2 protein chains.
Amino acid sequence: MAGMKEKIKKVAIHHFYKRGYFATGINDIARSAGIQKSSIYYHYANKEDILFDILETTMEKLDANFEKYIRGKVSPEEQLKAAIEGHILFHVRWQKETLISDSELRGLTARNYKTILEMRDAYETKFQEIIRKGIEEGAFEDMDYKVASYGIITMCTSVANWFRKSGRLKKEDIADIFNRILLKGLKPAG
Amino acid sequence: MAGMKEKIKKVAIHHFYKRGYFATGINDIARSAGIQKSSIYYHYANKEDILFDILETTMEKLDANFEKYIRGKVSPEEQLKAAIEGHILFHVRWQKETLISDSELRGLTARNYKTILEMRDAYETKFQEIIRKGIEEGAFEDMDYKVASYGIITMCTSVANWFRKSGRLKKEDIADIFNRILLKGLKPAG
DNA sequence: GTCTATAGATGGATAGAC
DNA sequence: GTCTATCCATCTATAGAC
């Protein structure tokens, strides 16, 4: 069937999100895709390969999303605000995928693990550079820019954990609240 | 052997932290504890029971830690600062346990899951109440206190993910940086 | 490209001796 | 309180027919 690989990926995302990678069996994925488990192996070399596919494409999309939001922004303040907004909206839009990216890295063997980690590090470095430059220019308070970036990124990543489309607030509201706290928090006092 | 239950718990924490709950076998735990896997079942009813024991005692200690730090603090600002400091230092002190608490809840069946979730909700509510009161009194900017608390708690929880004892900064430095960003970020602008 | 059948390993858990 | 032995379910992955 054409598109079966995409279907397998889609149902795998659902299961990895709901129960976790190790708790999900090839059988669960096959059943949800409407095929026999052996047919999975025509499309993917093994179970880890499915996870890696999900993580790799998610990281690629996350990076493209960053570049889209940052385009045209010049000052560190503008850039950070755009980066935070983009990061939050992405984690709402791709809630399942980002949650898997955040919690299932241990399912990867050394080589694949390294690949994804390098992509994540490259992404975090972009955030860090914005903050580092902002501190350098005096737009942000002097502080350890790496620790600050860890905290900021994780805070924004967390929306994937608790955001509900049926909730009181829209995703744009969340982005506004977090941006208000974080930008004010980074600016030099009085 | 006296203390074997504690030993099992200790090596289980190590394995759950390193590889995750589902990826860890009863055999791994038994080997690390220096006994046969069947002997595990003299001390614990089943595998999940070990996980539940870890999560329950961690949540109890986290709550006691909160109360210890909050004691004597009156204003919302003082209280939030103390709560944040206590939360961060706890997550550094009990790094493995808190990381498991944060990522292995899915290993629990319904009843146990509910128990731990209620403990976590009660803890988060204490944070939320501080922020809600601070907004009410005008000490903090008017914003959705629940969303703010989710972000703040997750940001502080994140230290369990990346803090290294061998790193450049001491745990107290991290607490200072985060408190500076967050308290300034919550205070009304100008 | 999907199927049936099954290999081969490992998982959690129990029985009963000591 | 720990052991040996074992049951039985489940898991990933492969072989080979269609």
Side-chain angles (χ1 to χ4, degrees), chain A residues 1-56 100 103-113 115-116, chain B residues 1-56 100 103-113 115-116:
Chain A
M1 188 222 242
M4 179 53 82
K5 187 168 182 178
E6 277 305 309
K7 187 170 188 181
I8 291 169
K9 190 174 173 178
K10 187 183 167 185
V11 301
I13 288 169
H14 179 256
H15 280 290
F16 294 167
Y17 167 72
K18 278 283 183 189
R19 301 182 218 167
Y21 174 71
F22 284 108
T24 300
I26 286 286
N27 232 331
D28 301 321
I29 298 171
R31 215 182 341 256
S32 296
I35 54 175
Q36 294 300 311
K37 60 180 173 179
S38 60
S39 304
I40 300 276
Y41 293 91
Y42 175 81
H43 301 281
Y44 286 101
N46 49 46
K47 185 183 167 187
E48 182 189 342
D49 199 26
I50 305 175
L51 177 63
F52 181 72
D53 187 14
I54 295 167
L55 298 180
E56 191 181 34
I100 295 168
S103 57
E104 302 294 356
L105 273 187
R106 282 183 303 202
L108 299 175
T109 45
R111 188 188 163 78
N112 285 335
Y113 183 82
T115 301
I116 300 298
Chain B
M1 189 221 241
M4 178 53 83
K5 187 169 182 176
E6 276 306 308
K7 188 171 187 180
I8 291 169
K9 189 174 174 178
K10 188 184 167 185
V11 301
I13 288 169
H14 179 256
H15 280 291
F16 293 167
Y17 167 72
K18 279 281 182 191
R19 300 183 220 169
Y21 173 71
F22 284 107
T24 300
I26 285 287
N27 234 331
D28 301 320
I29 298 171
R31 215 183 340 258
S32 295
I35 54 176
Q36 295 300 311
K37 60 177 176 179
S38 62
S39 303
I40 300 276
Y41 294 91
Y42 174 79
H43 301 281
Y44 285 100
N46 49 45
K47 187 183 166 187
E48 182 189 342
D49 199 26
I50 305 175
L51 177 63
F52 181 71
D53 187 12
I54 295 167
L55 298 181
E56 192 181 34
I100 295 168
S103 57
E104 302 293 357
L105 273 188
R106 281 183 302 202
L108 299 175
T109 45
R111 189 188 163 79
N112 285 334
Y113 183 82
T115 300
I116 300 298

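These values consider heavy atoms only, across backbone and side chains, with no hydrogens, waters or symmetry-generated copies. Lettering of chains follows the sequences in order, A, B, ..., and the numbering in each one begins at 1. All of these numbers come straight from a predicted model, not from anything done at the bench.
- For A:S38 against C:dT4, a side-chain N or O and a base N or O form a donor-acceptor pair under 3.5 Å.
- Here the side chain of B:Y21 pairs a donor or acceptor atom with the backbone of B:E48 at under 3.5 angstrom.
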Residue pair B:H14, B:S32: steps toward the side-chain hydrogen bond (donor to acceptor under 3.5 Å, both in side chains) verdict: CA-CA 10 Å; B:H14 179 256; B:S32 295; 5.8 Å; no

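- Here C:dG12 presents its C1' atom at 14 Å from CG of B:D49, a figure rounded to the nearest Å.
- Of the residues in residues 23-34 of chain A, those placing a heavy atom less than 4.0 Å from an atom of DNA chain D are A:T24, A:G25, A:I26, in numerical order.
- The separation between A:K7 atom NZ and C:dG1 atom P is 15 Å, rounded to whole Å.
- Considering only side-chain N and O atoms, B:S39 lies under 4.0 angstrom from the phosphate OP1 or OP2 of D:dC3.
- In the set C:dG12, D:dA13, C:dT2, C:dT2 carries the atom at the smallest distance from any side-chain atom of A:H43.
- Taking atom OH of A:Y42 as the reference point, atom C1' of D:dA15 lies 17 Å away to the nearest angstrom.
- The NZ-P distance, from B:K37 to C:dA15, rounds to 15 Å in whole Å.
- Atom P of nucleotide D:dC11 and atom OH of A:Y41 are separated by 11 Å, given to the nearest angstrom.
- Between B:K47 atom NZ and D:dT10 atom P the separation is 15 Å, expressed in whole Å.
- Summarising the geometry of A:D49 relative to A:A45, their closest heavy-atom pair is OD2-N, 3.3 Å, with the distance given to 0.1 Å.
- The number of heavy atoms from other shown groups lying within 6.0 Å of NZ (B:K10) does not exceed 12.
- With contacts defined as side-chain heavy-atom distances shorter than 4.5 Å, the pair A:I40/A:I50 qualifies.
- Residues B:F16 and B:I29 meet the side-chain proximity criterion, which asks for heavy atoms closer than 4.5 Å.
- In this entry the distance linking CD of B:Q36 with P of D:dT4 reads 5 Å, nearest Å.
- Looking only at distances, no side-chain donor or acceptor of A:K37 sits under 3.5 Å from a matching main-chain atom of A:G25.
- Atom CE of A:M4 and atom C1' of C:dG1 are 9 Å apart (whole Å).
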